Amino acid sequence: MLLDSTASLTALDLVDSRHASSSRGLVRRKAGGRQLVAPLRVDLSACKYELLQLVAARLGWQVVAPGTPESQWDLFWTDTSISQERLLRLAPTQRINHFLGMLELCRKRSMARLLAGLAAAAPPGCSYDFFPPTWQLPGQLRDFLAAAKAAGRKATFIVKPDAGCQGKGIRLLQGGSEAAVLRSLAGMATLQAVAQAYIPRPLLINGLKFDLRVYVLVADVDPLRVFIYKEGLVRFCTTPYSKPTSRNLDCAYMHLTNYAVNKQNAEAFVAPGSSGSDHGSGTGAPHSAAGSSSDDETGEIPATAQQQCRQG
């Protein structure tokens, strides 16, 4: 689960303040042969996000002290994946916030492998063209080099570290000779990555690249039960988009929508909750706000921020 300062505003909307006094934060527990109604006990010792502390307080949950024996909590919230052994130690009444095998979806290479498998097995008429051509590196390096050479220098590719987040380690490169592509890859911290064809003509709002983040709660896998939050998040770049060239490939503010990247753009970043933060001007905004603002805001970015990328 990814939680950052933009997501916290949306996530807290899920938790109404009246829940603190309702039965939602209470569980039934046996003690001395009697049934007791007590606050749900949650262990947040493996969670670094302050948001969960706020949610627990609002729901009336009891946050247990670090080091509390496993038998003394009802819910364990962790930022990392879990092992099969960890899952088997849970009592019937205990819950943890991960499904076993979640790394298969959270790691980019395994996700690419799964999508490729589904696409290959899809029946006629079922399209999987919602994701671009993808190569798993280093295993499919030769295939990627051949594709990049055939596409030529006018084609652009984006390479993302397998376990990366927040835009760290992402690199854009142009197609062409194998030697040129290999030189670009050599500058990466790891070759455990995926390479994808870069979409040169993305949808824009006020001239800015954006992405849509939809929040879902997967309550069960078999049978599958998924709850979709009605609101979401739109993330914006902070420099107007231009078609990729050798001069702007390194301009993260133009090509990457990651909040952690764009908040570093002091000339153009608009902090969540401040004036203009819901108008597509280079920050996160709710879906509804972004949709209503795309026609009436210029989204202009200071010339100094544009110059930083053009100088590349």
Side-chain angles (χ1 to χ4, degrees), residues 2 103-122 126-204 208-211 235 237-262 264-265 306-312:
L2 175 63
L103 282 182
E104 289 295 298
L105 299 180
C106 297
R107 293 289 187 261
K108 296 178 181 65
R109 290 191 303 170
S110 56
M111 172 63 93
R113 173 177 51 79
L114 291 172
L115 286 173
L118 288 171
C126 184
S127 175
Y128 273 78
D129 60 0
F130 57 84
F131 72 101
T134 303
W135 296 266
Q136 305 158 48
L137 305 181
Q140 296 180 324
L141 177 60
R142 283 297 158 195
D143 293 338
F144 171 57
L145 292 174
K149 182 178 181 180
R153 287 190 57 80
K154 291 186 177 181
T156 304
F157 299 87
I158 184 168
V159 186
K160 307 174 183 178
D162 181 46
C165 64
Q166 299 181 334
K168 299 172 183 176
I170 294 178
R171 170 164 294 204
L172 270 67
L173 56 87
Q174 293 177 310
S177 69
E178 290 190 5
V181 174
L182 287 172
R183 282 197 299 270
S184 296
L185 292 175
M188 298 190 63
T190 176
L191 200 56
Q192 305 290 319
V194 295
Q196 295 181 298
Y198 187 72
I199 300 174
R201 298 181 60 188
L203 294 175
L204 305 175
L208 301 170
K209 273 191 67 173
F210 68 95
D211 67 18
R235 302 185 305 174
C237 286
T238 47
T239 291
Y241 181 78
S242 295
K243 186 177 180 179
T245 68
S246 58
R247 297 182 62 188
N248 67 28
L249 286 180
D250 293 331
C251 183
Y253 302 148
M254 178 187 294
H255 297 294
L256 305 183
T257 58
N258 303 79
Y259 176 87
V261 170
N262 285 281
Q264 305 298 328
N265 189 351
Q306 299 183 37
Q307 188 65 22
Q308 290 174 3
C309 290
R310 290 173 181 164
Q311 289 173 348

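These figures come from a predicted structure and were not determined experimentally. For this chain, numbers begin at 1 and follow the sequence in order.
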ask   = Can you tell me how far CZ of R113 sits from CG of L118, rounded to the nearest 0.5 angstrom?
value = 10.5 Å

query = Any side-chain hydrogen bond (donor to acceptor under 3.5 Å, both in side chains) pairs touching residues 150-160, not counting sequence neighbours?
reply = R153-Q174, K160-Q196

request  = Ignoring hydrogens and angles, tell me if any N or O in the side chain of K209 forms a donor-acceptor pair with the backbone of H255 under 3.5 Å.
outcome  = yes

request  = Look up atom NZ in K108 and atom CG in L115, then write down how far apart they are to the nearest 0.5 Å.
outcome  = 13.0 Å

request  = Could I get the full list of salt bridge (charged side-chain N to carboxylate O under 4.0 Å, His left out) partners for R109, not counting sequence neighbours?
outcome  = D162

task = Any chance you could lay out the side-chain hydrogen bond (donor to acceptor under 3.5 Å, both in side chains) test for N248 and S242, step after step, and finish with the verdict?
result = CA-CA 8 Å; N248 67 28; S242 295; 5.0 Å; no

message = Would you call the rings of Y128 and F131 parallel, tilted or perpendicular, taking 30° and 60° as the class edges?
response = perpendicular

request  = Check A151 against A155 and note the closest heavy-atom contact, atom names and distance.
outcome  = CB-CB, 3.4 Å

ask   = Considering all heavy atoms of both residues, which atom of F210 and which atom of L203 are nearest to each other, and what is their separation?
value = CE2-O, 3.4 Å

request  = Measure the spacing between CG of L145 and OG of S177 and express it to the nearest 0.5 Å.
outcome  = 9.5 Å

message = Donor-acceptor pair, distance only, cut-off 3.5 Å: does the side chain of N262 make one with the backbone of L256?
response = yes

remark   = When every non-hydrogen atom of F157 is compared with those of A197, the smallest separation belongs to CD2-CA, 3.8 Å

query = What's the spacing between C106 SG and M111 CE if we round to 0.5 Å?
reply = 8.0 Å

message = Between K149 (side chain only) and V181 (backbone N and O only), is there a donor and an acceptor less than 3.5 Å apart?
response = no

query = What is the ring orientation for W135 with F144, classed by angle as parallel under 30°, tilted 30 to 60°, or perpendicular over 60°?
reply = tilted

request  = Apply side chain to side chain contact (heavy atoms under 4.5 Å, CB included) to M188 and list each qualifying residue two or more places apart in sequence or on a separate chain.
outcome  = V159, P161, R171, L185

inquiry  = Other residues, nucleotides and ligands only: do more than 12 of their heavy atoms fall within 6.0 Å of CD1 on I199?
reply    = no

ask   = What are the two closest heavy atoms between P240 and M254, and how far apart are they?
value = O-CE, 3.4 Å

inquiry  = Closer than 3.5 angstrom, by distance alone: can the side chain of T134 be matched with the main-chain N or O of P132 as a donor-acceptor pair?
reply    = yes

query = Got a second to check how far L141's CG is from E178's CD, nearest 0.5 Å?
reply = 8.5 Å

task = Could you tell me the separation between the SG atom of C237 and the CG atom of D211, rounded to the nearest 0.5 Å?
result = 8.5 Å

ask   = Closest heavy-atom contact between Y253 and V261?
value = CE2-O, 3.4 Å

task = Report yes or no: does S110 contribute a side-chain atom to a donor-acceptor pair with the main-chain N or O of E104 at less than 3.5 Å?
result = yes

Smallest separation among heavy atoms of Y241 and P244, with atom names = OH-CD, 3.3 Å

ask   = Side-chain contact, heavy-atom cut-off 4.5 Å: P138 with Q192?
value = yes

